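Written out below as structure tokens is the structure these notes cover.
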Amino acid sequence: MSKMTQNSEIMRFMQENGSITQIQAADEFGCYRLSARIYDLRAAGYNIKTDIITKRGRYGGVINYAKYSLIDA
């Protein structure tokens with residue numbers, strides 16, 4: 001069995017689940033630099049959109065994070 005790269009794992013995850021966040025990337029693949037992997041995938045020609053999600057954290061503070069999704073071309 002061939003070893004998948006983080007880029008290919010992230011692409012497969014987005015194809016199967018529709019989107020990915022940093023928490024999911026860290027939990028699923030040990031990827032702590034998702035934005036760098038998204039940069040690589042965009043440079044390889046994939047059309048990926050970024051949505052900034054804002055919510056309240058457990059202590060009431062505002063939390064912003066990115067959710068990346070594939071765009072059908």
Side-chain angles (χ1 to χ4, degrees):
M1 183 167 114
S2 65
K3 183 176 180 178
M4 294 182 73
T5 65
Q6 282 185 341
N7 287 354
S8 60
E9 289 174 329
I10 289 164
M11 275 301 300
R12 184 174 50 91
F13 188 92
M14 284 194 294
Q15 290 167 337
E16 292 174 359
N17 299 285
S19 64
I20 193 167
T21 65
Q22 178 60 60
I23 296 292
Q24 292 169 318
D27 287 347
E28 295 288 325
F29 317 114
C31 176
Y32 292 94
R33 296 191 61 222
L34 179 59
S35 62
R37 302 293 66 81
I38 296 298
Y39 176 89
D40 293 343
L41 291 169
R42 285 177 174 149
Y46 293 101
N47 197 5
I48 300 170
K49 76 172 184 170
T50 304
D51 291 311
I52 302 300
I53 308 299
T54 301
K55 68 178 215 172
R56 292 269 175 209
R58 76 174 87 168
Y59 301 113
V62 175
I63 297 172
N64 295 309
Y65 62 94
K67 180 172 102 173
Y68 300 100
S69 307
L70 285 173
I71 299 174
D72 294 330

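In this text the structure is predicted, and so the values were computed from the model without any measurement.
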- Task: Nearest 0.5 Å please: distance from the CD1 atom of Ile48 over to the CG atom of Leu41.
- Result: 4.5 Å

- Task: Rounded to the nearest 0.5 Å, what's the gap from OG1 on Thr21 to CD on Glu28? Could you check?
- Result: 10.0 Å

- Note on the structure: Residues Arg37 and Cys31: closest non-hydrogen pair is CG-SG, 3.6 Å

- Query: CZ/Phe29 to OG1/Thr5 distance, rounded to the nearest 0.5 angstrom?
  - Reply: 10.5 Å

- Hey, does Ile20 have a side-chain heavy atom less than 4.5 Å from the side chain of Lys67? no

- Task: Walk me through it: do Arg56 and Ile63 pass the test side chain to side chain contact (heavy atoms under 4.5 Å, CB included)?
- Result: CA-CA 6 Å; Arg56 292 269 175 209; Ile63 297 172; over 6 Å; no

- Message: Working to the nearest 0.5 angstrom, can you tell me the gap between Ile38 CD1 and Arg33 CZ?
- Response: 12.5 Å

- Pairwise distance CG(Leu70) to NZ(Lys49) - rounded to 0.5 angstrom: 11.0 Å

- Item | Gln22 side chain to Leu34 backbone, donor-acceptor under 3.5 Å | yes

- Within a radius of less than 6.0 Å around CD1 of Ile53, do more than 12 heavy atoms belonging to other residues, nucleotides or ligands occur? yes

- Item | For the student: nearest non-hydrogen atoms of Phe13 and Ser19, plus distance | CE2-O, 3.4 Å

- How long is the gap from CG on Asp51 to OH on Tyr65, to the nearest 0.5 Å? 10.5 Å

- Note on the structure: In short, Ser35 meets Tyr68 closest at the heavy-atom pair CB-OH, 3.7 Å

- Message: Could you walk me through whether Gln24 and Asp27 satisfy the side chain to side chain contact (heavy atoms under 4.5 Å, CB included) test, starting with their C-alpha distance in whole Å, then the side-chain angles of each, then the deciding distance to 0.1 Å, before giving a yes or no?
- Response: CA-CA 5 Å; Gln24 292 169 318; Asp27 287 347; 5.8 Å; no

